[in-house]
Every structure is written in C-alpha cells, then in structure tokens.
There are 2 protein chains.
Amino acid sequence: MNQENSRENLKYIFTQYLDKKGHRKTPERFAILDEIFSFQGHFNIKSLYLSMKDKNYTVSRATLYNTIDLLLESNLIIKHQFRNNITCYEKIFECARHDHLICTSCGAVIEFNEPEIQKTEEKIARMMNFTMTHRSIYFYGICENCLISVCP
Amino acid sequence: MNQENSRENLKYIFTQYLDKKGHRKTPERFAILDEIFSFQGHFNIKSLYLSMKDKNYTVSRATLYNTIDLLLESNLIIKHQFRNNITCYEKIFECARHDHLICTSCGAVIEFNEPEIQKTEEKIARMMNFTMTHRSIYFYGICENCLISVCP
DNA sequence: TTACCTGCAAAGGGTTTGCAGAGTC
DNA sequence: GACTCTGCAAACCCTTTGCAGGTAA
C-alpha cells in the first residue's frame with residue numbers, strides 16, 4: 001500500500017470509529033490524525049502542539065488531549081510512560097509489533113521485535129486467567145554506543 | 001532470616017551505601033526506610049507521607065523525594081509508572097522477581113512470576129548488544145473477577 | 001436548531017526548587 | 001564549626017476543567 005492510500009485508509013478507519021461512537025468529524029480531529037501519522041517515532045502533546053503550530057495549524061491543548069483520547073480508543077495510537085512523568089504516544093496502525101530498550105546513559109529509545117514475547121504473553125494469560133489487551137515492556141540498561149564510549 | 005534480622009540487614013545495606021556516597025545518616029532517612037519496608041505492595045509519595053504522619057512521624061515531601069532517590073540508587077526499591085502519571089514505588093530487596101498484570105476494568109495490580117521472561121531478556125540483550133540493568137513489564141487486560149462479573 | 005466541539009484561561013495535582021534553620025560529622 | 005539535610009512554601013509543568021462562542025449534523 002502506498003503512502004497516499006495508507007492515509008486514506010487511516011481516515012476511513014477513524015471516520016468509521018467516530019460514526020460508530022456518534023462523535024463529530026471535525027477538521028481539527030483529521031488534522032491531528034494527519035500530523036501524527038506524518039512523523040516517525042514517539043511524540044508527546046507538547047511536540048505535537050509545536051509541530052502543528054509550526055505549520056500554522058494551531059489547535060488548543062484541550063483539543064489535542066481530546067483527540068488523543070479518541071485515537072487511543074480507536075487503537076490507532078498507544079500511550080507510553082517512559083518513567084519521567086511525561087506521557088508519550090506512538091502510532092501503532094500498520095506498524096510491526098515491537099517493544100523498547102531504553103538506554104539510561106544516553107536516553108536512546110531502541111525498538112526491537114521478539115516473537116517469543118508474544119508466546120510468553122499467551123502462556124501467562126492462560127496461567128493467570130487474564131485476558132490481555134495490550135502490553136508495555138521496557139528494558140533499561142546501557143546501549144552499544146554508550147558501552148563503547150566508556151573507558152575500560 | 002527473621003524479620004528483625006532482615007531489618008537490621010536493610011539498615012546495614014543502606015548505611016553502607018550512604019557511607020560510600022558520603023551522604024549523611026539522618027534519622028529521617030532511616031525512618032523512611034523502615035516505613036517502606038513495613039508495608040506490603042506498592043506505594044507512592046502521598047501514601048508514604050500519610051502513613052508516616054499517621055504514626056506521628058511527619059517528614060516533609062522534599063525529604064521523602066530526596067530519600068526515595070537514595071533508595072532507588074541503592075537498589076532497595078524500584079519505580080513504577082502505571083499509566084496514570086502517579087509514580088509508584090515498590091521495595092525489591094529480598095523479594096522474588098516478578099512482573100505485573102493490570103486490570104483496566106477494576107484497576108487491580110496482580111503480580112506474577114514467569115522465569116521464561118528472564119531467558120527472553122537475556123536473548124534480547126545478546127541480540128541487541130544491550131546491557132540490561134532492569135526491566136519494566138506490564139500486561140494490561142481484564143482480570144478473572146471482572147470477566148466473571150460481565151454479563152454474557 | 002441543537003448538541004457537541006473548540007479555544008482560552010484558570011484550576012488541579014504531583015514534583016521540584018530556594019532558602020533559612022537544624023543537625024550530622 | 002562547616003556543610004549537608006530538613007521543612008516549608010512557592011514555583012513548575014503537564015493535564016484537566018469550566019465556560020462562552022462556534023460549528024457539524
């Protein structure tokens with residue numbers, strides 16, 4: 001699927017969701033959706049606000065928080081807490097399932113994909129009689145680059 | 001090891017840490033250590049503050065935050081972020097390694113122990129050239145009790 | 001037209017900071 | 001006695017809320 005089709009698809013999914021829930025299809029909501037899917041990686045409310053303002057499309061923080069909630073509920077993005085009390089978000093639609101390594105030395109956030117985790121998750125769900133909806137896995141430590149730069 | 005010996009051991013470890021770092025051994029610091037290890041499960045600054053105040057040992061929030069940082073650095077407690085922007089802590093000294101399930105329906109936090117995770121962690125560390133120091137794993141979903149209480 | 005949404009600004013709540021006095025070493 | 005730590009209160013910052021005006025349906 002090329003990028004344009006992908007965007008149309010996103011809009012379609014979000015529209016479906018808004019219709020289903022009886023929410024209005026306002027231009028702000030689609031502008032925010034578009035902005036989020038235009039950049040890679042993690043973002044937070046502040047960075048989103050600034051990047052939209054930069055493009056002369058200023059929306060209030062209240063609207064950002066409101067729309068983010070809708071995107072979370074429609075499973076187009078997910079929420080992260082990277083231990084610093086600033087909430088981060090990430091688009092998940094049509095992205096490979098992945099988890100994160102966080103370097104406590106340089107702050108780098110590194111994605112990785114390990115299918116074994118999925119199996120373990122299912123095992124735990126069975127064992128604990130728990131219905132999984134999503135997970136949040138972070139490994140903390142020192143990344144390759146920082147290890148190299150430390151004196152022996 | 002009985003409880004009293006365990007407490008003495010904790011004090012010893014914390015004392016060693018304070019000495020090593022050149023921090024002072026104030027009564028507040030040991031009172032906070034004692035309070036934290038007197039209760040089970042997770043706590044946050046507010047609950048810690050209140051439970052100490054309850055015992056007529058009031059310490060300021062500033063001192064709590066200060067001491068918590070020291071306890072984190074000495075690896076006696078760990079920090080959690082349960083997605084609600086309230087930082088939670090948990091003692092880890094002499095506790096079995098475990099991770100958490102979080103019920104998004106009733107808010108329950110359920111501990112579990114799955115040794116397979118440890119192996120996966122080591123595999124990822126090798127694969128990604130990453131030196132793990134600690135991990136933060138949360139599975140979200142619906143717990144047993146909430147599943148039962150939902151109408152079919 | 002009506003109900004919901006947006007924008008603004010103020011309130012809220014957890015965390016951090018600055019400063020004076022107290023206490024450790 | 002010097003210097004760090006504590007306590008207090010204010011500052012800080014992200015997030016939420018209340019309200020008036022605007023707009024999708």
Side-chain angles (χ1 to χ4, degrees), chain A residues 11 14-36 42-53 55-74 77-90, chain B residues 11 14-36 42-53 55-74 77-90:
Chain A
K11 274 190 197 165
F14 194 39
T15 303
Q16 293 278 85
Y17 165 79
L18 293 174
D19 278 339
K20 188 176 134 205
K21 293 281 180 176
H23 297 310
R24 290 190 179 163
K25 297 179 276 296
T26 68
E28 286 84 358
R29 287 175 176 174
F30 287 99
I32 292 167
L33 174 70
D34 217 54
E35 183 63 26
I36 287 174
H42 308 97
F43 64 94
N44 56 45
I45 297 291
K46 192 178 174 185
S47 72
L48 179 57
Y49 176 81
L50 291 176
S51 90
M52 291 190 77
K53 194 177 176 183
K55 291 171 184 156
N56 290 310
Y57 199 109
T58 305
V59 283
S60 72
R61 263 153 272 249
T63 302
L64 287 176
Y65 280 107
N66 174 342
T67 304
I68 287 287
D69 281 344
L70 300 175
L71 292 170
L72 281 169
E73 216 195 301
S74 57
I77 64 174
I78 53 166
K79 197 172 179 174
H80 290 292
Q81 293 282 172
F82 288 129
R83 283 185 183 234
N84 57 358
N85 280 329
I86 297 175
T87 305
C88 256
Y89 305 91
E90 186 180 18
Chain B
K11 274 190 195 162
F14 195 40
T15 303
Q16 291 279 85
Y17 165 79
L18 293 174
D19 278 340
K20 190 177 133 203
K21 293 282 180 174
H23 296 310
R24 290 189 179 165
K25 296 179 276 296
T26 67
E28 287 84 359
R29 287 175 178 174
F30 287 99
I32 292 167
L33 175 70
D34 216 55
E35 183 63 27
I36 286 173
H42 308 96
F43 64 94
N44 56 45
I45 296 292
K46 193 178 174 185
S47 73
L48 180 56
Y49 176 81
L50 292 176
S51 90
M52 291 190 75
K53 194 177 176 183
K55 293 173 183 155
N56 290 311
Y57 199 110
T58 304
V59 284
S60 73
R61 263 154 272 252
T63 302
L64 286 177
Y65 279 108
N66 175 343
T67 304
I68 287 286
D69 280 344
L70 300 176
L71 291 170
L72 281 169
E73 215 194 303
S74 57
I77 64 173
I78 54 166
K79 196 172 181 174
H80 290 291
Q81 294 282 175
F82 288 129
R83 282 183 185 234
N84 57 357
N85 280 330
I86 298 177
T87 305
C88 259
Y89 304 90
E90 186 179 17

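- One can place CG of B:Leu18 at 15 Å from P of D:dT4, the figure rounded to the nearest angstrom.
- For the pair B:Tyr49 OH and C:dT16 P, the computed distance is 17 Å after rounding to whole Å.
- Within the 4.0 Å cut-off from OP1 or OP2 of D:dT6, at least one side-chain nitrogen or oxygen of B:Arg29 is found.
- In terms of position along DNA chain D, the nucleotide closest to B:Gly22 lies nearer the 5' end than the nucleotide closest to the other residue of the pair B:Gly22 and A:Asn44.
- Set against C:dG7, D:dT15, D:dC5, the side chain of A:Tyr65 has D:dT15 as its closest nucleotide.
- The interatomic distance linking A:Asp19 (CG) with C:dC4 (P) rounds to 16 Å, in whole Å.
- Across C:dC5, D:dT6, D:dT16, the shortest atom-to-atom separation from the side chain of A:Arg24 is found for C:dC5.
- Among the nucleotides C:dG7, D:dG7, C:dT24, the one closest to the side chain of B:Pro27 is C:dT24.
- Atom CG in A:Leu64 sits roughly 15 Å away from atom P in C:dC5 (whole-Å rounding).
- Atom NZ of B:Lys55 is surrounded by more than 12 heavy atoms from other residues, nucleotides or ligands within 6.0 Å.
- In this structure, of C:dG7, D:dC14, C:dC25, it is C:dC25 that holds the atom nearest to the side chain of B:Lys25.
- Taking every side-chain heavy atom of B:Ile86 into account, C:dG14 is the closest of D:dC14, C:dT6, C:dG14.
- A:Leu71 places none of its side-chain heavy atoms less than 4.5 Å from the side chain of A:Arg29.
- Within the model, atoms OG1 of A:Thr63 and CZ of A:Arg61 stand 11.0 Å from one another, a figure rounded to the nearest 0.5 Å.
- Inter-residue side-chain proximity for B:Ile68 and B:Phe43 is flagged as met; some heavy-atom pair is nearer than 4.5 Å.
- When side chains are defined from C-beta on, A:Phe14 does not count as touching A:Ile32, because their heavy atoms never get closer than 4.5 Å.
- Side chain A:Arg61 to base C:dC8: no donor-acceptor pair is found below 3.5 Å.
- Rounded to a whole Å, the CZ atom of A:Phe30 is 12 Å from the P atom of D:dA24.
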Checklist entry - What's the verdict on side chain to side chain donor-acceptor pair (under 3.5 Å) for A:Glu35 and A:Ser51, showing C-alpha distance, side-chain angles and the deciding distance? => result CA-CA 8 Å; A:Glu35 183 63 26; A:Ser51 90; 2.7 Å; yes
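- Listed nucleotides C:dC5, C:dG7, D:dG7 differ in distance to A:His23; the shortest reach to its side chain belongs to C:dC5.
- In the set C:dC5, D:dG7, C:dT15, C:dT15 carries the atom at the smallest distance from any side-chain atom of B:Ile45.
- Side-chain nitrogen and oxygen atoms of A:Asn66 include none within less than 4.0 Å of the OP1 or OP2 phosphate oxygen of C:dC5.
- Nearer the 5' end of DNA chain C, as judged by each residue's closest nucleotide, is the contact made by A:Thr58, out of A:Thr58 and B:Thr26.
- Following rounding to the nearest Å, B:Lys46 (NZ) and C:dG12 (P) show an atom-to-atom distance of 14 Å.
- When the side-chain nitrogen and oxygen atoms of A:Thr63 are compared with OP1 and OP2 of C:dG7, one or more of them lie within a distance under 4.0 Å.
- Out of D:dT6, D:dT15, D:dC8, the shortest distance to the side chain of A:Thr87 is found at D:dT15.
- As rounded to whole Å, 11 Å separates atom P of D:dT15 from atom CG of A:Asp69.
- Rounding to whole angstrom units, NZ of residue A:Lys21 and C1' of C:dC5 are separated by 18 Å.
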